[in-house]
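Worksheet: one structure, shown below.
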Amino acid sequence: MAARLDSFGLTELAAKPEDAFRLAGLAMAEGRRIPGYGGDYYYYWIGDAAVVIRTRLDPGTGEEELLGMDTHAATACQWLCRVVRDVTPEGADPLSRRVLVQKDGLEGLAVVDLVCADVLPGLRAGDSLRMGMVGFPLRIAYDGGESHNVAEAQRDTVLLQGTVTDAKVGETYLGMEPLTKFVSVTASTPMGEVELCHPMELVPEAQRDLVKPGSVVSALCVLSGDCAVGEYAGGIVFDTERDFAVLSAFFQDGGAARLRPLLRSDCACTFLENRQEGPENALSLLAAVQGDLAAAGLNRPARGTLAGEGVKGRPCLLLGGEEGFAFLCLVELDSLGRIREIVISNDPETEFEL
């Protein structure tokens, strides 16, 4: 959603639809692939700027489908905050996410367009979220006064004020061909430092000498938060905790396709007496089971552990509703954290703890 090529002076790269498709094709051919649960991202650096292409497999044809493009930039700035709520616009594609976030202990809120959001197993209110942060100013001003350190969410933008801690010239190029230069300043804010990228032309001429460390910067920004940082820099992470988080989101909301990366090619799924082998058969069974459970009001999963002798402490997922739990889901993982087998049963003799 934050496709702000204008912040780098690169509007011409996608001025026409055929130009945008050409850029997307280049990114998919030469960029770094970052796998997500519901699709893939292609991160393509253009000097200090980056375009990130969102793709997924078309459910009808099985071919890769281009969903859209985001922009980001080289930055060491990261925020650690909590999700307040999902504010993704209605009609956005499946890999686009916009969230309202808050830093623990602070009252200020910020609305952030997420890049590579689908590398995360889930994104719900209260979840901790680490992001590489870039801001694309729509309006900006520099002065020599005192900063009031503001981070105030608007509808889909954020009003920021902070102190400039670093200022440099960013450059863009394709191959060996120089393209543009832009201003890149690091600003401290109540939420953490953020890299603000904009053309010098956005700054009033009388203020250009103040684009330096120590100055106060005030900006109305579109914020871009990259989720593919830290342990998620390479995409999906497979382990017990995250696999159960994805399964839990599936049983609550549906969307069996997000489970596909978790399943080994020789996986199996058993529901009561019905056993299906292979990823596609397993996904079909899981989708049917989730639909039936949701129709019966049994779509409130909870994490638990087995309590019986010999299996005490083994993780499980409890499936039920307001009146209690009706089914129990167990998974067997391989050494890489991918799912070898899923078993959903309703054995009343099974002992468990929440």
Side-chain angles (χ1 to χ4, degrees), residues 1-75 86 88-89 91-99 112-121 123 129-136 156 170-175 177 179-180 182 195 197 222-237 255 257-258 260-261:
M1 288 182 288
R4 303 294 310 192
L5 288 169
D6 56 311
S7 295
F8 308 111
L10 295 173
T11 305
E12 289 299 316
L13 287 183
K16 300 176 182 178
E18 56 267 31
D19 297 329
F21 277 110
R22 190 178 301 113
L23 179 59
L26 182 63
M28 293 169 67
E30 300 185 10
R32 179 167 65 97
R33 174 179 170 268
I34 299 178
Y37 290 98
D40 292 335
Y41 303 91
Y42 292 88
Y43 223 110
Y44 184 63
W45 288 102
I46 307 174
D48 295 319
V51 296
V52 185
I53 306 301
R54 307 187 300 273
T55 69
R56 68 166 181 175
L57 290 181
D58 188 308
T61 65
E63 296 181 353
E64 198 164 36
E65 175 186 12
L66 175 63
L67 296 178
M69 179 189 302
D70 299 303
T71 50
H72 208 65
T75 181
D86 190 322
T88 305
D93 68 71
L95 298 190
S96 291
R97 298 294 290 273
R98 177 180 291 161
V99 293
V112 183
D113 287 350
L114 300 183
V115 175
C116 301
D118 208 49
V119 303
L120 304 177
L123 203 60
L129 181 60
R130 183 179 295 276
M131 306 172 288
M133 292 303 302
V134 171
F136 301 124
D156 53 8
E171 297 182 299
T172 67
Y173 47 85
L174 278 175
E177 180 185 355
L179 295 178
T180 65
F182 62 92
E195 199 86 14
C197 301
V222 173
L223 290 182
S224 175
D226 184 9
C227 299
V229 296
E231 59 188 338
Y232 293 107
I236 301 172
V237 176
R258 280 194 98 232
R260 183 174 280 105

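The chain is numbered in sequence order, starting from 1. Note that the structure is a prediction, hence the values are computed from the model and not measured. Computed from heavy atoms alone, side chains included, the values below leave out hydrogens, waters and symmetry copies.
- Shown here are the side chain to side chain contact (heavy atoms under 4.5 Å, CB included) partners of L129, two or more places apart in sequence or in another chain: V83, V99, V101, L114, L120, L123, M131, C227.
- When the salt bridge (Lys or Arg N to Asp or Glu O under 4.0 Å) test is applied to R56, the partners found at least two apart in sequence or on another chain are E65.
- Here the side chain of T180 pairs no donor or acceptor atom with the backbone of T172 at under 3.5 angstrom.
- Under the salt bridge (Lys or Arg N to Asp or Glu O under 4.0 Å) criterion, D118 pairs with R258, sequence neighbours left out.
- The minimum heavy-atom distance between P261 and Y37, with the atom names listed, is CG-O, 3.4 Å.
- Considering all non-hydrogen atoms of both residues, Y43 and A50 come closest at CE2-CB, 3.5 Å.
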Problem - Derivation and outcome, side-chain contact (heavy atoms from CB on, under 4.5 Å), residues F182 and D48 - result: CA-CA 9 Å; F182 62 92; D48 295 319; 3.9 Å; yes

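- Listed by chain and number, the residues in a side chain to side chain donor-acceptor pair (under 3.5 Å) with E231 are R242 (sequence neighbours excluded).
- Considering only residues two or more places apart in sequence or on other chains, R33 meets the salt bridge (Lys or Arg N to Asp or Glu O under 4.0 Å) condition with D40.
- With contacts defined as side-chain heavy-atom distances shorter than 4.5 Å, the pair L10/T71 does not qualify.
- Here A14 pairs with L5, A20 under the side chain to side chain contact (heavy atoms under 4.5 Å, CB included) rule; sequence neighbours left out.
- Listed by first then second residue, pairs satisfying side chain to side chain donor-acceptor pair (under 3.5 Å) with a partner in residues 7-21 read D19-R22, not counting sequence neighbours.
- Taking the side chain to side chain contact (heavy atoms under 4.5 Å, CB included) definition, one finds that A27 meets it with Y44, V51, I53, sequence neighbours left out.
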Exercise for the section: Test T75 against D226 for side-chain contact (heavy atoms from CB on, under 4.5 Å), laying out the working first. Expected result: CA-CA 10 Å; T75 181; D226 184 9; over 6 Å; no

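- The structure places CD1 of I34 at 4.0 Å from CZ of R32, a figure rounded to the nearest 0.5 Å.
- The nearest pair of heavy atoms linking A117 to Y41 is N-OH, 3.4 Å.
- Residue R97 comes nearest to T88 through the heavy atom pair CA-OG1, 3.4 Å, listed as atom of the first residue, atom of the second, then distance.
- Here CD of E195 is found 10.5 Å from CZ of F136. Values are rounded to the nearest 0.5 Å.
- Atom CG of residue L67 and atom CE of residue M69 lie 12.0 Å apart, to the nearest 0.5 angstrom.
- How far NE2 of H72 is from SG of C197: 8.5 Å, rounded to the nearest 0.5 Å.
- In this view, E64 satisfies the salt bridge (Lys or Arg N to Asp or Glu O under 4.0 Å) rule with no residue, not counting sequence neighbours.
- For the side chain to side chain contact (heavy atoms under 4.5 Å, CB included) test, residues two or more places apart in sequence or in another chain that qualify with D156 are R98.
- Of all heavy-atom pairs spanning V115 and S224, the tightest one is CG2-OG, 3.3 Å.
- Shown here are the side chain to side chain donor-acceptor pair (under 3.5 Å) partners of D93, two or more places apart in sequence or in another chain: R54, S96.
- Applying the side chain to side chain donor-acceptor pair (under 3.5 Å) test to D6 and every residue at least two apart in sequence or in another chain returns R4.
- Contact record, C116 with V52: SG-CG1, 4.0 Å, taken as the closest heavy-atom pair.
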